[in-house]
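See structure below.
Below, all heavy atoms of this structure are taken into account, side chains as well, without hydrogens, waters or symmetry copies. Everything numeric here is computed off the predicted structure, so don't read it as measured data. A note on names: the letters A, B, ... follow the listed sequences, proteins ahead of strands, and every chain is numbered from 1.
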Amino acid sequence: MSTIVVKHEDRTAELESGATAIQALKALEAVRGQIVAARVDGDEWDLDRPVPDGATIDPIYADTEDGRAILRHSVAHLMAQAVTDLFPGAKWAIGPPVENGFYYDFDVETPFTPDDLERIEARMSELMKERQAFVREELSKDEALELFADQPYKREVIERVAAGGAEEDAVAATTADAEVRGGEPVFTVYRNMRSEDDEAWVDLCRGPHIPSSDRVPAFKLLRTAGAYWRGREDQPMLQRIYGTAWESKKALDAHLEMLEEARKRDHRKLGRELELVHFPEELGSGLAIFLPKGALVRQQMEDWIRAEVIARGYEPVYTPHVAREDLWRISGHLENYGELMFPGMELDDGSAYRMKPMNCPFHILAYKSRTRSYRDLPLRLAELGTVYRFEKSGVVNGMLRARGFTQDDSHIFCRADQIVDEVVGCIEFARDLYQAFGLGEPSRVAVSTRPEGKSVGTDEQWERAEDALKRACEASGYDYVVDEGEGAFYGPKIDIHARDAIGREWQLTTIQVDFTLPDRFEMSYIGDDGEPHQPFMVHRALFGSIERFFAVMLESFNGAFPTWLAPLQVAVVPVAADFVDYGLEVAAALEERGIRVHVDDSDDTLGNKIRKAKTSKTPYALVVGSDEAEARTVAVNPYAGDRRRAVPLDDFVDEIATEVADRRTAVPAAP
RNA sequence: GCCGGAGUAGCUCAGUUGGUCAGAGCAGGCGAUUUGUAAUCGUCAGGUCAGGGGUUCGACUCCCCUCUCCGGCUCCA
């Protein structure tokens with residue numbers, strides 16, 4: 001009997017040849033919790049799969065992200081098996097784990113209903129009780145094709161993987177891959193076995209999986225959705241079921257609880273409750289009204305950016321909301337995005353106008369208002385420009401995806417040698433902005449490179465610009481990823497994303513290099529050589545869309561804005577009508593320092609007045625009664641933090657004035 | 001745009017198999033109460049049940065169309 005040696009950390013063990021991963025882990029005393037799979041020389045490995053001689057083995061625990069992904073992938077298989085049982089003839093596409101869960105796509109006669117989800121869940125629970133083993137098996141391409149003879153989507157995946165095309169289709173690659181041995185691709189399938197010779201189901205899959213179906217501690221199916229096969233609009237629409245699975249009932253419940261809490265932070269809900277914004281149906285889809293309180297918050301944002309822009313050497317401009325259609329023809333927007341622009345306005349004299357979807361052509365016209373010299377560069381033109389884009393009906397989402405929104409837009413015209421500095425300046429500007437508004441680290445910074453197919457500019461231009469953007473990211477200290485082929489047709493870009501309450505990522509900041517507009521508009525400047533040259537152009541919007549940023553911020557703060565941003569900063573609450581006069585004095589002292597304050601002189605009970613201040617998330621409630629009036633103090637009840645009594649009025653005024661002047665975004669510790 | 005779900009007072013919701021079922025709480029008006037830290041009491045007013053067709057003796061309820069919203073997919077200059 002031959003033996004093998006396996007390693008874990010600084011331990012080794014000698015085992016019989018053919019020993020499985022779990023046997024190895026036990027021999028290595030490397031089992032300290034709920035294990036779903038192993039990592040063998042870096043590769044994820046089924047627990048009952050034999051390990052090679054000399055392997056280094058680590059456990060993958062259920063309560064780690066890798067472990068959960070394996071668990072979820074296995075639950076996706078069980079769901080597909082349940083669907084196959086309940087909906088004969090269903091074709092399965094792919095079912096990978098995703099962040100916080102998994103999904104599986106099916107081609108079925110009729111879409112799933114919410115009731116179907118319950119039936120599927122119930123069936124899955126039965127399958128789990130059957131203690132089905134997940135058994136790995138290797139097949140040749142032909143064997144795999146035969147096994148999935150009646151599963152066209154599986155066959156397509158097999159063909160594409162065999163042709164080496166799976167890399168272009170990252171999602172398919174997560175559900176199947178093929179190792180090439182002796183020039184032939186080897187596919188793996190996982191059979192769900194009720195017993196040694198009783199097969200329940202089989203799926204094409206790279207694995208690994210949990211050993212057995214009863215090792216699913218907690219799962220739940222969440223929702224159904226349509227999804228295009230291979231994510232392409234020209235492909236059939238499949239029916240997707242999303243679910244989630246966790247290492248324990250407790251972890252599942254915590255996740256569901258978190259989702260429930262997140263739904264309460266929805267900016268549309270908070271915006272209505274706090275009377276910040278309004279989306280009346282009469283107005284039109286994707287259009288928002290900022291109510292007075294929302295407008296106050298927005299003004300803080302606008303005031304901040306207006307002041308910063310001037311401090312950083314930009315020059316403000318103002319431009320109209322419409323322009324002749326020809327302008328959009330020259331810019332190329334009509335050609336490239338015509339369907340996403342609001343329809344034209346035909347005038348009696350035969351001319352046509354369009355609402356602006358971007359501000360750049362206007363800023364270019366500003367540039368071209370006179371002959372430019374290299375001494376003018378970089379020229380940074382800035383505007384809070386409101387644009388209108390006819391977003392497709394299914395994508396409109398409150399203020400996160402609107403049809404009318406305002407960009408803190410700027411276009412920087414510069415020489416080639418100035419691009420890196422300018423982009424670095426933009427990123428630093430963005431950093432300061434996230435800092436000021438308390439959003440913390442962005443969820444994602446991405447450099448997007450040249451797209452396949454239509455794009456303008458030379459390879460050398462793209463390479464130089466992409467390099468400039470990456471260097472700027474590095475200089476700024478942001479960790480960034482490269483999104484291959486995700487650039488705009490006219491140039492590469494840096495995007496900064498943040499998450500909303502339910503975890504969706506939204507692009508806020510965008511910084512883009514443009515090769516085409518200077519050319520299309522025949523822009524030039526006179527160089528120090530006396531010859532005309534073409535300037536480079538950087539588009540940049542830091543909030544991105546004021547509306548979107550506002551929404552992300554609103555959700556991030558759960559409606560409780562930092563004092564400097566809060567629409568109402570102080571609610572003065574007299575304990576009885578007799579103390580309204582002193583309350584007014586308190587308010588006057590605060591107003592003198594620019595604090596937004598309101599005296600609650602209603603005849604509500606004290607408790608209710610406090611409650612109104614709390615539910616409106618006003619940063620401070622100041623309770624005033626006889627004690628306070630006599631001693632010229634206030635009782636401070638902050639929205640978050642500890643209550644304090646007998647705070648001298650002058651001290652509180654200084655405190656809050658400083659807090660606002662410093663634009664503090666964190667709740668200060670109680671002194 | 002595609003797939004699914006939803007739309008009853010300003011808000012959150014209840015309305016059994018089509019037959020006084022158009023209701024409640026909060027918010028709002030008015031009156032009483034004058035309060036020491038998250039809901040005082042009473043009273044009044046509010047809805048073409050998203051809109052438009054249809055089926056029926058009768059439609060919030062069933063069918064069709066449109067609009068809007070929600071969750072996905074696709075898209076996002």
Side-chain angles (χ1 to χ4, degrees), chain A residues 103 105 108 110-114 116-117 222-242 263 266 268-269 272-273 275 278-286 328 331-341 356-361 387 389-398 400-401 407 486-491 493 495 502 504 506-507 510 512 514 516-517 539 541 544-545 548 573-580 601-616 621-628 635-639 643 645:
Chain A
Y103 67 80
D105 286 345
V108 284
T110 48
F112 300 111
T113 66
D116 290 338
L117 280 196
L222 297 175
R223 67 181 93 87
T224 60
Y228 298 109
W229 169 234
R230 297 179 62 194
R232 283 168 45 165
E233 215 171 352
D234 58 354
Q235 297 288 322
M237 177 154 283
L238 307 174
Q239 296 303 317
R240 174 171 299 180
I241 301 177
Y242 281 96
R263 273 189 277 275
D266 188 304
R268 294 159 297 205
K269 183 176 164 65
R272 185 171 52 236
E273 288 171 355
E275 298 181 305
H278 190 212
F279 304 95
E281 189 172 332
E282 309 89 292
L283 190 58
S285 175
W328 306 111
S331 71
H333 289 110
L334 211 50
E335 183 192 339
N336 288 292
Y337 300 101
E339 295 202 343
L340 292 174
M341 290 172 68
K356 65 173 171 183
M358 289 198 83
N359 302 301
C360 18
V387 297
R389 301 179 180 176
F390 195 74
E391 300 285 6
K392 289 192 283 186
S393 62
V395 305
V396 171
N397 187 293
L400 288 167
R401 190 78 180 267
Q407 297 177 307
E486 294 296 314
F489 72 91
Y490 52 71
K493 57 178 183 169
D495 292 325
I502 61 173
R504 295 178 295 203
W506 299 90
Q507 176 194 306
T510 185
Q512 317 182 340
D514 188 331
T516 181
L517 286 180
H539 307 240
S545 147
R548 177 178 288 180
V573 180
V575 300
D578 286 350
F579 308 106
V580 168
D601 60 357
S602 69
D603 56 4
D604 280 317
T605 57
L606 174 64
N608 203 24
K609 284 188 276 198
I610 295 287
R611 181 169 187 273
K612 284 191 291 183
K614 295 290 186 183
T615 52
S616 64
L622 299 184
V623 177
V624 294
S626 58
D627 297 352
E628 287 76 16
V636 181
N637 187 341
Y639 179 72
R643 297 210 296 256
R645 293 215 46 178

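With a glycosidic angle no more than 90° from 0, G46(B) adopts the syn conformation.
To the nearest angstrom, P of G36(B) lies 18 Å from CG of Leu622(A). Taking atom CD1 of residue Ile241(A) and atom P of nucleotide C73(B), one finds them 15 Å apart after rounding to whole Å. Put simply, CD on Glu391(A) is 13 Å from C1' on U74(B), counting in whole angstrom units. To the nearest angstrom, P of G36(B) lies 18 Å from CZ of Arg611(A). The distance from atom CE of Met237(A) to atom P of G1(B) is 13 Å, rounded to the nearest whole Å. Counting to the nearest Å, the P atom of U74(B) and the OH atom of Tyr228(A) are 9 Å from each other.
The side chain of Tyr242(A) contributes an N or O atom lying less than 4.0 Å from OP1 or OP2 of C73(B). For the pair Lys493(A) and A77(B), the criterion of a side-chain N or O lying under 4.0 Å from OP1 or OP2 is met. Here Thr605(A) reaches the OP1 or OP2 of U40(B): one of its side-chain N or O atoms lies under 4.0 Å away. Side-chain N/O atoms of Asn608(A) include one lying less than 4.0 angstrom from OP1 or OP2 on U40(B).
Residues forming a salt bridge (charged side-chain N to carboxylate O under 4.0 Å, His left out) with Lys614(A) (at least two apart in sequence, or on another chain): none. In terms of the side chain to side chain donor-acceptor pair (under 3.5 Å) criterion, Glu233(A) has no residue partners (sequence neighbours excluded). Applying the ring pair (Phe, Tyr, Trp, His ring centres under 6.0 Å) criterion to Tyr490(A), with sequence neighbours excluded, gives His539(A). Taking Glu486(A) as the reference, nothing meets the salt bridge (charged side-chain N to carboxylate O under 4.0 Å, His left out) condition, with sequence neighbours excluded. With sequence neighbours left out, the ring pair (Phe, Tyr, Trp, His ring centres under 6.0 Å) criterion links Phe390(A) to Phe342(A). Here Asp105(A) pairs with Arg240(A) under the salt bridge (charged side-chain N to carboxylate O under 4.0 Å, His left out) rule; sequence neighbours left out. Every residue was checked against the salt bridge (charged side-chain N to carboxylate O under 4.0 Å, His left out) condition with Lys609(A), not counting sequence neighbours, and none meets it. Evaluation of the ring pair (Phe, Tyr, Trp, His ring centres under 6.0 Å) rule for Trp506(A) yields no partner, not counting sequence neighbours.
Using a 4.5 Å cut-off on side-chain heavy atoms (C-beta onward), Val396(A) and Arg401(A) make no contact.
Between Ala621(A) and Thr113(A), it is Thr113(A) whose nearest contact on RNA chain B lies nearer the 5' terminus.
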Sort me out a list of protein N/O and nucleotides 8-12 of chain B N/O pairs below 3.5 Å, or just none if empty.
unit_1, atom_1, unit_2, atom_2, d
C11(B), O3', Arg272(A), NE, 3.4
U12(B), OP1, Arg272(A), NH2, 2.8

Every protein N/O lying under 3.5 Å from an N/O of nucleotides 61-71 of chain B:
unit_1, atom_1, unit_2, atom_2, d
U68(B), O4', Glu281(A), OE2, 3.3
C69(B), OP1, Ser285(A), OG, 3.1
C69(B), OP2, Ser285(A), OG, 3.1
C70(B), OP1, Arg268(A), NE, 3.4
C70(B), OP1, Arg268(A), NH1, 2.3
G71(B), OP1, Arg268(A), NH2, 2.9
G71(B), OP1, Arg504(A), NH1, 3.3
G71(B), OP1, Arg504(A), NH2, 3.3
G71(B), OP2, Asn397(A), ND2, 2.9
G71(B), O2', Arg223(A), NE, 3.1

(request) Determine which bases of RNA chain B form Watson-Crick or G-U wobble pairs with both distances under 3.5 Å, and write the result as a 5' to 3' dot-bracket string with | for other-strand partners. (result) (((((((..((((.....[...)))).(((((.......))))).....(((((..]....))))))))))))....
(message) Counting primed atoms plus P, OP1 and OP2 as sugar-phosphate and everything else as base, spell out the protein contacts along nucleotides 29-34 of chain B at 4.0 Å heavy-atom distance: B, S or - for each nucleotide, 5' to 3'.
(response) ---BBB
